[in-house]
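This report refers to the structure that appears directly beneath it.
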Number of protein chains: 2
Amino acid sequence: MPERGYHHGDLRNALLAATRELVRQRGARGFSVSEAARQVGVSSSAPYRHFADRDALLAATALEGFLELEEQLAELQALETLPHTAAQITTAYLRFAHEDPARFEVMFAHGLDKTQHEDLLQQTFRIQDQLNVRMARHLPRAQATQRAAELWSLAHGLATLSIGGNVQHVLPEVQIGELAASAAKAWARGLTQRPGD
Amino acid sequence: MPERGYHHGDLRNALLAATRELVRQRGARGFSVSEAARQVGVSSSAPYRHFADRDALLAATALEGFLELEEQLAELQALETLPHTAAQITTAYLRFAHEDPARFEVMFAHGLDKTQHEDLLQQTFRIQDQLNVRMARHLPRAQATQRAAELWSLAHGLATLSIGGNVQHVLPEVQIGELAASAAKAWARGLTQRPGD
DNA sequence: TCTCAATGTGAGAGGTTTACACATCAACCT
DNA sequence: AGGTTGATGTGTAAACCTCTCACATTGAGA
């Protein structure tokens, strides 16, 4: 590891990396700007040159998470039927959440006012769009947006409850992935059955 | 307001009330034990006679939330069909979440390790039971538990995304309640259509 | 070469959590 | 009555954290 001079050179990115790791270890609540600075080897006030405050640093790591989520959704290959597509998206979402639960929590922590962080809001829209496009392949255009929101809700609920350990204790034997696929397929089948009502 | 002597008399409850109000105002993150103590009129170390630490105080208010949620679910009258039941439960859940979003967040904050707070876990089970019973009215017994978890996930996802403002910005015109009912009914219809697969 | 804008440092103000020794008081036991 | 005691509140203080501000350092461009 190269000795560094007075200036770090890439502090912003180094802080983001340290933050992600710290959040992973100690959780969103346990994380502190000071410790991130310490880990990177700068003074505890240095981070404030790059991030307005603690929340801004967390928001920036949340943004990275949203970008990654968009990528992972984009990589999914299109499937034939709506039920399969719904199950595919749901399980992918679940996988992402389980990869780094603490960061996933940061991404949706209500503490971060998304209206204060325009970029976060934008990225949220792009993910919605991902889902819209995929729904539009199997549904009338007029329905797509609402249905996409429904699917997202289903996936998100599965993810958060599962991460929080609320499902495992009740259904230890069932794989959460199977449950997700089953719920998504049921929802999808129900859509095509009686579009009205 | 009566002058109080050296002892408060009902500090535990007073703290719970103050905590709920503070969490409602400043959010879970903005809440501090000190401020709750100040508000109640005791020294900042007094709360630790009643709660092991900050998290314990939050866990206790979360528990109150879970008890209230169980009550509200218990009050729902049984309906004829599965789709109607699913929609009814989902909208009730949503209503509860919107009543006090910050407390709802505290209830499911991953920061609180439910395995550390046995009572929280227990109450979670009782809510699952509520749903199980209602599902069992319309489905084979063997399915009920899993289906209840699916329904809970759907409702929970709708609630968290809606609270976080992730749905409103995408679908400003659609009432979140309608979206919830629609999703729940679709899911329910899909269940009865082709139980297998 | 000189200057300046960006970036890092150190000190410090003000807030928080929590431990600990001590104060107070209601209730209970003689 | 009078004394003891366990529960509950107080005050102090240590260890932390966020964030501000004046100052130091340095690379890059004029």
Side-chain angles (χ1 to χ4, degrees), chain A residues 1-62 102 106 109 111-113 116-117, chain B residues 1-62 102 106 109 111-113 116-117:
Chain A
M1 44 205 72
E3 281 298 322
R4 82 169 171 82
Y6 190 90
H7 289 105
H8 181 286
D10 194 22
L11 184 51
R12 201 193 133 89
N13 285 328
L15 283 172
L16 283 175
T19 297
R20 180 171 179 186
E21 188 52 29
L22 277 175
V23 165
R24 191 207 302 275
Q25 288 171 15
R26 310 212 197 308
R29 189 184 244 119
F31 160 79
S32 86
V33 179
S34 301
E35 191 165 0
R38 221 174 296 137
Q39 206 146 95
V40 172
V42 296
S43 80
S44 63
S45 50
Y48 294 92
R49 292 290 177 197
H50 300 271
F51 302 95
D53 53 20
R54 194 189 116 112
D55 274 3
L57 178 47
L58 286 174
T61 78
V106 169
L112 296 186
D113 189 359
Q116 297 296 83
H117 298 271
Chain B
M1 45 205 71
E3 283 297 323
R4 84 167 168 83
Y6 190 89
H7 288 105
H8 181 286
D10 193 22
L11 184 51
R12 201 194 132 90
N13 285 329
L15 283 172
L16 282 175
T19 296
R20 178 170 181 186
E21 188 52 29
L22 278 175
V23 165
R24 189 206 305 275
Q25 288 171 15
R26 311 214 198 308
R29 188 181 245 121
F31 160 80
S32 86
V33 178
S34 302
E35 191 164 0
R38 223 174 294 139
Q39 205 146 96
V40 171
V42 297
S43 80
S44 63
S45 48
Y48 294 92
R49 292 289 176 198
H50 300 271
F51 301 96
D53 53 20
R54 196 189 115 111
D55 274 3
L57 178 47
L58 286 174
T61 78
V106 169
L112 295 186
D113 188 1
Q116 297 296 81
H117 298 271

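To find a chain, count down the sequence lines: A is the first, B the second, and so on, and within it residues start at 1.
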Original post:
Does any donor-acceptor pair link the side chain of B:Ser34 with the base of C:dG15 at a separation under 3.5 Å?
Top reply: no
Original post:
Taking atom P of D:dC19 as reference, at what distance in whole Å does atom CG of A:Asp53 sit?
Top reply: 5 Å
Original post:
Has the side chain of A:Ser45 got a donor or acceptor atom sitting under 3.5 Å from an opposite partner on the base of C:dG10?
Top reply: yes
Subject >> Upstream residue (5' side of DNA chain D) when A:Ala52 and B:Gly9 are each assigned their closest nucleotide >> reply: B:Gly9
Subject >> Options C:dT9, C:dT18, D:dT18, nucleotide nearest the side-chain atoms of A:Arg54 >> reply: D:dT18
**OP:** For A:Leu57 and D:dC19, give me the distance from atom CG to atom C1', rounded to whole Å.
**Re:** 14 Å
Original post:
Any idea which of C:dT7, D:dG11, D:dC19 is nearest the A:Arg49 side chain?
Top reply: C:dT7
**OP:** Indicate yes or no: at least one non-hydrogen side-chain atom of B:Gln116 is less than 4.5 angstrom from one of B:Asp55.
**Re:** no
Original post:
Taking OP1 and OP2 of C:dG15, is either one under 4.0 Å from a side-chain nitrogen or oxygen of B:Arg38?
Top reply: no
**OP:** Find the distance A:Asp10:CG to D:dT26:C1' and express it as a whole number of Å.
**Re:** 17 Å
Original post:
Nearest to the side chain of A:Ser32, which nucleotide is it out of C:dT18, D:dT18, D:dT8?
Top reply: D:dT18
**OP:** Would you mind telling me which of D:dT10, C:dT18, C:dG8 lies closest to the side-chain atoms of A:Ala46?
**Re:** C:dG8
Original post:
Does a side chain donor of either B:Gln25 or B:Glu21 reach within less than 3.5 Å of an acceptor in the other side chain?
Top reply: yes
Subject >> Distance, nearest 0.5 Å, that separates CZ of B:Arg29 from CG of A:Leu112 >> reply: 6.0 Å
Original post:
To the nearest angstrom, how far is A:Glu35 atom CD from D:dT18 atom P?
Top reply: 10 Å
Original post:
Rounded to whole angstrom units, what separation is found between the OH atom of B:Tyr48 and the P atom of C:dT16?
Top reply: 11 Å
Subject >> For atom CZ of B:Phe31 and atom P of C:dG15, their distance in whole Å >> reply: 17 Å
**OP:** Please determine which of A:Leu57, A:Val33, A:Val40, A:Val106 meets the side-chain contact (heavy atoms from CB on, under 4.5 Å) test together with A:Thr19.
**Re:** A:Leu57
**OP:** Tell me what A:Arg12 touches on the nucleic acid: a base, only sugar-phosphate, or nothing, going by heavy atoms under 4.0 Å.
**Re:** nothing
Original post:
Do you know the tightest heavy-atom contact between A:Ser43 and A:Ala37?
Top reply: O-CB, 3.5 Å
Subject >> B:His50 vs D:dA7: side-chain N/O to OP1/OP2 distance below 4.0 Å >> reply: no
